[in-house]
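Below: one structure, written as structure tokens.
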Amino acid sequence: YLSSADGEVLSAALVGNKQLVFEIDPLAVSCKAQVYSTVKPASITLNGAQFRDWTYDAKSGLASMNNVTKGNYQVTVK
């Protein structure tokens with residue numbers, strides 16, 4: 001699930017049990033977002049392209065995304 005974001009979350013939905021899809025609009029040029037997952041995401045995409053500015057902390061279960069810009073994100077686990 002989408003744990004936190006310092007931008008405006010326009011929509012968020014689970015697609016089955018392996019994907020979280022959300023649309024975000026930062027209130028500035030970019031923002032940060034955190035997604036909780038019990039396993040490390042296999043991929044995170046922005047508008048269909050790989051989003052690379054993220055880390056995963058297995059202890060907290062948080063994928064921390066930096067420099068999040070406006071768009072549609074998809075977080076996928078295997």
**OP:** With the side chain counted from C-beta on, respond yes when L62 and S3 share a heavy-atom pair under 4.5 Å apart, and no when they do not.
**Re:** yes
Original post:
To the nearest 0.5 Å, how far apart are NZ in K70 and CG in D25?
Top reply: 4.5 Å
Original post:
Under 4.5 Å between any side-chain heavy atoms of L20 and Q74, yes or no?
Top reply: no
Original post:
So, Q34 and S64: side-chain donor and acceptor under 3.5 Å apart, yes or no?
Top reply: yes
Original post:
Cluster question for you: counting only ILVMFWY and a side-chain heavy-atom cut-off of under 4.5 Å, with indirect links fine, are I24 and L46 together?
Top reply: yes
Subject >> Hydrophobic cluster membership, V21 vs Y36, 4.5 Å side-chain cutoff >> reply: no
Original post:
Roughly how far apart are E23 CD and N47 CG, rounded to 0.5 Å?
Top reply: 8.5 Å
Subject >> Note, S43 side chain near F51 side chain (heavy atom, < 4.5 Å) >> reply: no
Subject >> Heavy-atom check, side chain of L27 versus side chain of E8, under 4.5 Å >> reply: yes
Original post:
How are the rings of F22 and Y73 set to each other: parallel, tilted or perpendicular (split at 30° and 60°)?
Top reply: parallel
Original post:
After noting the C-alpha distance and the side-chain angles of V9 and L2, does the key distance pass the side chain to side chain contact (heavy atoms under 4.5 Å, CB included) rule?
Top reply: CA-CA 9 Å; V9 177; L2 188 57; 3.4 Å; yes
**OP:** State the CZ-CD1 distance between R52 and I44, to the nearest 0.5 angstrom.
**Re:** 11.5 Å
Original post:
Can any side-chain N or O of Y56 pair as donor or acceptor with the backbone N or O of S37 at less than 3.5 Å?
Top reply: yes
Original post:
Below 4.5 Å, heavy atoms only, C-beta onward: do K32 and V68 meet side chain to side chain?
Top reply: no
Subject >> Side-chain heavy atoms of T69 within contact of V29, under 4.5 Å >> reply: no
**OP:** Give the minimum heavy-atom separation between Q50 and T45, together with the two atoms involved.
**Re:** NE2-CG2, 4.1 Å
